[in-house]
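Working notes for the structure below.
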Amino acid sequence: MMKWSDRTPREQALMLIAAGLLGLFVLWQFVFMPVRHYRTLANAQHAASVRDLDIVGQGLPQIASNISAINTPPLTRAGLVEAARSHAIALSRVQPDGDAHLTLWVDSVGSAVLYQFLSNLILTNGAIIERASISAADNEKVSAQITIRLGV
């Protein structure tokens, strides 16, 4: 391998130009383009979040009025299990979570069925969903871990 000083001035100039072009390519490909793509992606996600917030804001008064009109007895563990059975949902596990909360696990159920079940719990029984983690599976079904506050 030849040393830098052993190369002719023309070879040195060509190597410097090649190194400069390589540096520009690396900056363009691995710095500028990801930053530019990130900004576009962030703007799209922000627009989607604003749309979602508007939808929630429009539906919130209706949900609040429906919940305040509920005159049913408070939700219990037995009532929760019975409501799941009436929607043909097999609860994988139901576990107390603190004083007035139940955490329930649902595996492999249709998303429409799960959302109908949760909607009925809220509108019919006045349930308050504290936490929900819903994940989609490959078979167009969902699994969920949901914490519900019981009426005590």
Side-chain angles (χ1 to χ4, degrees), residues 1 14-152:
M1 188 156 150
L14 286 174
M15 290 179 76
L16 287 174
I17 291 171
L21 288 174
L22 180 65
L24 286 175
F25 171 76
V26 168
L27 280 174
W28 174 266
Q29 189 67 30
F30 299 109
V31 176
F32 179 71
M33 288 305 289
V35 168
R36 192 168 132 194
H37 177 70
Y38 177 77
R39 177 171 286 209
T40 305
L41 181 64
N43 287 337
Q45 288 177 343
H46 179 263
S49 296
V50 168
R51 281 192 308 271
D52 291 347
L53 181 62
D54 289 342
I55 291 169
V56 170
Q58 291 170 2
L60 198 57
Q62 179 185 2
I63 292 172
S65 66
N66 288 341
I67 290 175
S68 63
I70 296 173
N71 292 322
T72 58
L75 183 65
T76 62
R77 181 180 181 147
L80 179 69
V81 171
E82 185 58 37
R85 283 188 189 138
S86 70
H87 284 86
I89 293 177
L91 300 175
S92 301
R93 191 165 82 186
V94 178
Q95 180 175 347
D97 185 12
D99 292 337
H101 295 85
L102 278 181
T103 300
L104 54 108
W105 283 261
V106 179
D107 290 325
S108 192
V109 66
S111 61
V113 174
L114 179 66
Y115 288 124
Q116 184 64 40
F117 166 65
L118 294 175
S119 177
N120 283 348
L121 279 180
I122 293 168
L123 297 176
T124 307
N125 300 94
I128 297 172
I129 298 176
E130 295 283 333
R131 266 185 317 247
S133 174
I134 301 172
S135 57
D138 292 337
N139 59 357
E140 298 182 9
K141 303 276 185 172
V142 295
S143 297
Q145 178 182 354
I146 303 164
T147 302
I148 297 175
R149 185 186 319 161
L150 296 175
V152 180

Item to check | Phe32 vs Leu24, side chain to side chain contact (heavy atoms under 4.5 Å, CB included): CA-CA, chis, key distance, verdict | outcome: CA-CA 10 Å; Phe32 179 71; Leu24 286 175; over 6 Å; no
Assess whether side chain to side chain contact (heavy atoms under 4.5 Å, CB included) is satisfied between Ile148 and Ile128, documenting all intermediate values.
CA-CA 6 Å; Ile148 297 175; Ile128 297 172; over 6 Å; no
- Task: For the pair Ile134 and Tyr115, evaluate side chain to side chain contact (heavy atoms under 4.5 Å, CB included) and give the outcome as yes or no after the intermediate values.
- Result: CA-CA 10 Å; Ile134 301 172; Tyr115 288 124; 3.9 Å; yes
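Atoms CG and CD, on Leu121 and Gln116 in that order, are 10.5 Å from each other to the nearest 0.5 Å. Atom CG of Leu118 is separated from atom CD1 of Ile146 by 4.5 Å, given to the nearest 0.5 angstrom. In this structure, Leu22 CG and Ile17 CD1 are separated by 13.5 Å, a value rounded to the nearest 0.5 Å.
Applying the side chain to side chain donor-acceptor pair (under 3.5 Å) test to every pair with at least one member in residues 26-36, sequence neighbours left out, gives no pairs at all.
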Report, one line per pair, each donor and acceptor closer than 3.5 Å where one atom sits in a side chain of residues 43-52; sequence neighbours left out.
| unit_1 | atom_1 | unit_2 | atom_2 | d |
| --- | --- | --- | --- | --- |
| Asn43 | ND2 | Arg39 | O | 3.3 |
| Ser49 | OG | Gln45 | O | 3.0 |

Please list every donor-acceptor pair under 3.5 Å in which a side-chain atom of residues 85-97 meets a protein atom from a residue at least two apart or in another chain.
| unit_1 | atom_1 | unit_2 | atom_2 | d |
| --- | --- | --- | --- | --- |
| Ser86 | OG | Ala83 | O | 2.7 |
| His87 | ND1 | Ala83 | O | 3.0 |
| His87 | NE2 | Asn120 | ND2 | 2.8 |
| Ser92 | OG | Asp107 | OD2 | 2.8 |
| Asp97 | OD2 | Thr103 | OG1 | 3.3 |
| Asp97 | OD2 | Arg131 | NH2 | 2.9 |

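Nearest approach of Ser108 to Ser143, heavy atoms of both residues: N-OG, 3.6 Å. In terms of heavy-atom proximity, Val31 sits nearest to Pro34 at O-CD, 3.5 Å.
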